[in-house]
2 protein chains.
Amino acid sequence: MTTTSPTTLSIGEVSALTGLSAHTLRFYEQEGLFVAPVRRTAGGRRCYTQEEVEWLRVGVKLRSSGMPLPEIRRYVQLVGEGAGTEAERLEVLRRHEERVRQQVADLQEALRVIHTKVEVYARHLAAGTADRVWSDGPAC
Amino acid sequence: MTTTSPTTLSIGEVSALTGLSAHTLRFYEQEGLFVAPVRRTAGGRRCYTQEEVEWLRVGVKLRSSGMPLPEIRRYVQLVGEGAGTEAERLEVLRRHEERVRQQVADLQEALRVIHTKVEVYARHLAAGTADRVWSDGPAC
DNA sequence: CTAGGAGCTCGAGTCGACTCGAGGTCAAGT
DNA sequence: ACTTGACCTCGAGTCGACTCGAGCTCCTAG
């Protein structure tokens, strides 16, 4: 991957740094997930600033926690509008935070159910090694 | 929705009970998420047993925690094969349990990042009410 | 006996977020 | 000058899990 000046990074470098593919980085730009289009070199190649990479680190967490692209775009757009939009940005983030907390709670509930089942199987297998494992009751 | 005998349930009843749509219940059946095809009335309508509904409660948790249909199908198939497959069933469940734990951990990490950002905005807004909110440093 | 709601099958459509490929350009080492 | 590998754009394809609709049948209450 191309190496760029000390303060600026090629798409390949950013890809390595963020774990996003170059394809995805271009896609995100096109989807408006950067405050402004990424700057280009004379030859037309993207060069990312440190700040953009910083934002990507956050953006990746927003995505991986399930924030839809349109909502991220909205947030970015607010940032782009500058001062005065902070309250709404906060609201967007808070709403998402709440959703993630709910998600975690739901997963933990699922985990409870799954783990119970795991325990049942584990117990029966431990008890029945070299023996017939229970064949009564619901089979699943 | 049609009401059925005391021990058996119509698709509408099961839908109400599990939160899955009738469409989805049929889809699941076709995808092999039941040990055997659901029994039918003389008129060709599905009638679910209590046991099947019991299983759906578990199945729903597996799905909602992200287990892919093919893996659920595999588990169901093992159940269908009867005694002797318990060890593999356990393994399938354990593998999924592990994935869910990882998912939770990832979400919690994302939550940490998001919450930090929320706090930053909250603090700045609290400090700057009726004043200009910070306009220095990275804008996002 | 008839009306209307619940079910049935089958095939097609949707949705979001990538992911890929073709066909070309740019740049750095030899 | 050439080769090679990283980039570029644009449009199309993929994937999983539903979701919907058309056109038909069934059943029960009035």
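Order of the sequence lines sets the chain letters (A, B, ...), proteins ahead of strands, with each chain counted from 1. All figures in this text were calculated on a predicted structure; none of them were measured in a lab. What's counted below: heavy atoms across the whole structure, side chains too, no hydrogens, waters or symmetry copies.
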Generate the contact string for nucleotides 14-19 of chain C. Rules: B means base contact, S means sugar-phosphate contact only, - means no protein heavy atom under 4.0 Å. ---SBS
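- Atoms CZ (A:R40) and P (C:dA27) sit 13 Å apart, rounded to a whole Å.
- Annotation: B:R39, atom CZ; neighbour count of heavy atoms from other residues, nucleotides and ligands within 6.0 Å does not exceed 12.
- One finds no salt bridge joining A:R46 and A:E52 here, because no Lys/Arg side-chain nitrogen approaches an Asp/Glu carboxylate oxygen to under 4.0 Å.
- A salt bridge links A:R112 with A:E109: at least one charged nitrogen is closer than 4.0 Å to a carboxylate oxygen.
- Salt-bridge formation is detected for the pair B:R74/B:E88: a Lys NZ or Arg NE/NH1/NH2 atom is positioned less than 4.0 Å from an Asp or Glu carboxylate oxygen.
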N/O contacts under 3.5 Å, protein versus nucleotides 3-7 of chain D?
residue: D:dA6; atom: O3'; partner: A:T2; partner atom: N; Å: 3.1
residue: D:dA6; atom: O3'; partner: A:T2; partner atom: OG1; Å: 3.1
residue: D:dA6; atom: N3; partner: A:R45; partner atom: NH2; Å: 3.2
residue: D:dC7; atom: OP1; partner: A:T2; partner atom: N; Å: 3.3
residue: D:dC7; atom: OP1; partner: A:S10; partner atom: OG; Å: 3.0
residue: D:dC7; atom: OP1; partner: A:G12; partner atom: N; Å: 3.1
residue: D:dC7; atom: O4'; partner: A:R45; partner atom: NH1; Å: 3.3

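- By the 4.0 Å N-to-carboxylate-O rule, A:R101 lies close enough to A:E97 to be salt-bridged with it.
- For B:Q103, the side chain to side chain contact (heavy atoms under 4.5 Å, CB included) criterion is met by A:L107, B:V100, not counting sequence neighbours.
- Between the side chains of B:R45 and B:T41, no donor-acceptor pair is found at a separation under 3.5 Å.
- Under the salt bridge (charged side-chain N to carboxylate O under 4.0 Å, His left out) rule, B:E31 has a single partner from B:R73, B:R63, B:R26, which is B:R73.
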